[in-house]
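Everything below concerns the one structure shown next.
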Amino acid sequence: IAFMVLGAINFATHFLAWRSRNVRCYYLDAEARAGVTLVAVSCVAIAAYLYGTGTYDSYWSALRHGSFNLVSVALDCGYASVDYAQWPILAPLFMLFLSCITVSSGSTGSGIKMVRTLILFKQGFRELHKLLHPNAAERVKLGAAPVPNKVVFSILGFIFLYFISVVLVTLTLIASGMDLTHALSAALACINNVGPGLGVIGPAGNYAALTDFQKWVCIFAMLLGRLEIMSVLVIFTRSFWRK
């Protein structure tokens, strides 16, 4: 679990901490702080949920199994110690949705990344504040650093394309014969490069049961996620092919 968390933190932050010989660099990194806090709180909450639903006899067993598998899925590592697809459906779905946002930029993970999530969250509150105070001049800040508006708009565009990609991949897999739960889990698992999803593609199974067409759809989704969507989709624009 510790090394999976380290892999999900920006490697530039690791370098700064190593060069300065000061672990305070991790605390000063707003993205790492938010990601680790979200994972820690989620582990405690999932353990309580698994224990409360009777999945495990003791809270500590629920915490051990829940933490390992949640961290693995949320941080796009692909490991599993149990077949979490047999847990109450809320737990594995929550883990898959965490995989969309939890990892840091410049890390080993994929998905939207925590820095974009934080900026989008702050942008949402800025828009709410502007509804109450239309003339207020308020800037989005990440930590103490202001974020330029062009960066905010770029992130809005990226997240829109990300969710559209998830929806289109899910609908394509449904059209090919998969049910909604399997299709959605496959879309999230492939775009976020998680690995296992739910059902036949869960931790106790693999993607061998998919048809050739479904495998190609998942391959394309994995490329979208690993290359950050924009790098792939720009190939399909007319201006890219103009001399």
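For the single chain, residues carry numbers from 1 onward in sequence order. Quantities reported herein were computed from a predicted structural model and do not represent experimental measurements.
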Quick check: is [Y] connected to [X] through a chain of hydrophobic side chains (ILVMFWY, heavy atoms under 4.5 Å apart)?
{"X": "Leu227", "Y": "Phe220", "value": "yes"}
{"X": "Ile159", "Y": "Leu118", "value": "yes"}
{"X": "Leu120", "Y": "Val166", "value": "yes"}
{"X": "Val147", "Y": "Leu156", "value": "yes"}
{"X": "Phe213", "Y": "Leu224", "value": "yes"}

Hey, could you give me the [atom1]/[atom2] distance between [X] and [Y], rounded to the nearest 0.5 Å?
{"X": "Met178", "Y": "Leu184", "atom1": "CE", "atom2": "CG", "result": "10.0 Å"}
{"X": "Met95", "Y": "Leu93", "atom1": "CE", "atom2": "CG", "result": "10.0 Å"}
{"X": "Asn192", "Y": "Arg226", "atom1": "CG", "atom2": "CZ", "result": "10.0 Å"}
{"X": "Ile9", "Y": "Leu75", "atom1": "CD1", "atom2": "CG", "result": "9.0 Å"}
{"X": "Arg64", "Y": "Asn69", "atom1": "CZ", "atom2": "CG", "result": "10.5 Å"}
{"X": "Gln123", "Y": "Leu128", "atom1": "CD", "atom2": "CG", "result": "10.0 Å"}

*Stepwise, does the side-chain contact (heavy atoms from CB on, under 4.5 Å) test hold for Asn193 with Met222?*
CA-CA 6 Å; Asn193 299 127; Met222 286 187 281; 3.8 Å; yes
Restricting to pairs with a member in [range], which pass ring pair (Phe, Tyr, Trp, His ring centres under 6.0 Å), not counting sequence neighbours?
{"range": "residues 148-183", "answer": "none"}
{"range": "residues 96-134", "answer": "Phe121-Phe125, His129-His133"}
{"range": "residues 8-41", "answer": "Phe11-His14, His14-Tyr26"}

*Take Met114 and Leu38 through the side-chain contact (heavy atoms from CB on, under 4.5 Å) test and state the conclusion after the steps.*
CA-CA 10 Å; Met114 179 56 74; Leu38 177 61; 3.9 Å; yes
Would you mind reporting whether [Y] and [X] have side-chain heavy atoms less than 4.5 Å apart?
{"X": "Leu96", "Y": "Leu198", "answer": "yes"}
{"X": "Ser58", "Y": "Leu63", "answer": "no"}
{"X": "Val194", "Y": "Leu188", "answer": "no"}
{"X": "Trp87", "Y": "Thr53", "answer": "no"}
{"X": "Val217", "Y": "Ser176", "answer": "no"}
{"X": "Tyr84", "Y": "Leu70", "answer": "no"}
{"X": "Cys77", "Y": "Val71", "answer": "no"}
{"X": "Thr170", "Y": "Leu180", "answer": "yes"}

Of all heavy-atom pairs between [X] and [Y], which one has the smallest distance, and what is that distance?
{"X": "Ala187", "Y": "Leu173", "answer": "N-CD1, 4.3 Å"}
{"X": "Pro203", "Y": "Pro196", "answer": "N-CB, 3.8 Å"}
{"X": "Gly7", "Y": "Ser107", "answer": "O-CB, 3.3 Å"}
{"X": "Ile201", "Y": "Ala186", "answer": "CD1-CB, 3.4 Å"}
{"X": "Tyr59", "Y": "Ala48", "answer": "CE1-N, 3.5 Å"}
{"X": "Asn10", "Y": "Ala12", "answer": "OD1-N, 2.8 Å"}

*Going through the checks in order, is the side-chain contact (heavy atoms from CB on, under 4.5 Å) test met by Thr117 and Thr102?*
CA-CA 9 Å; Thr117 304; Thr102 309; over 6 Å; no
Any donor and acceptor pair, going by atom type alone, linking the side chain of [X] with main-chain N or O of [Y] inside 3.5 Å?
{"X": "Ser154", "Y": "Lys150", "result": "no"}
{"X": "Trp241", "Y": "Ile235", "result": "yes"}
{"X": "Thr37", "Y": "Ala34", "result": "no"}

*Where does the angle between the aromatic ring planes of Phe68 and Tyr79 fall among parallel (under 30°), tilted (30 to 60°) and perpendicular (over 60°)?*
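Because their plane-to-plane angle lies in the 30° to 60° range, the rings of Phe68 and Tyr79 count as tilted.
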*With sequence neighbours excluded, what pairs up with Tyr49 under the side chain to side chain donor-acceptor pair (under 3.5 Å) test?*
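With sequence neighbours excluded, Tyr49 shows a side chain to side chain donor-acceptor pair (under 3.5 Å) to no residue whatsoever.
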*asked:* According to side chain to side chain donor-acceptor pair (under 3.5 Å), who are the partners of Asp76, at least two apart in sequence or on a separate chain?
replied: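 Scan of Asp76 (side chain to side chain donor-acceptor pair (under 3.5 Å), adjacent residues dropped) gives none.
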[X] atom [atom1]: more than 12 heavy-atom contacts under 6.0 Å:
{"X": "Asp179", "atom1": "CG", "value": "yes"}
{"X": "Lys215", "atom1": "NZ", "value": "yes"}
{"X": "Arg24", "atom1": "CZ", "value": "no"}

*Looking at Val115, Val140, Ile119, which hits side-chain contact (heavy atoms from CB on, under 4.5 Å) with Ile155?*
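With Ile155 as partner, Val115, Val140, Ile119 yield a single side-chain contact (heavy atoms from CB on, under 4.5 Å), made by Ile119.
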*Is there a side-chain contact (heavy atoms from CB on, under 4.5 Å) between Cys190 and Tyr207 once you walk through the steps?*
CA-CA 11 Å; Cys190 290; Tyr207 287 77; 4.0 Å; yes
*For residues 99-120, which residue pairs qualify under salt bridge (charged side-chain N to carboxylate O under 4.0 Å, His left out), counting only residues two or more places apart or in two chains?*
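As it turns out, the salt bridge (charged side-chain N to carboxylate O under 4.0 Å, His left out) pairs with a partner in residues 99-120, which skip direct neighbours, are Lys113-Glu228, Arg116-Glu228.
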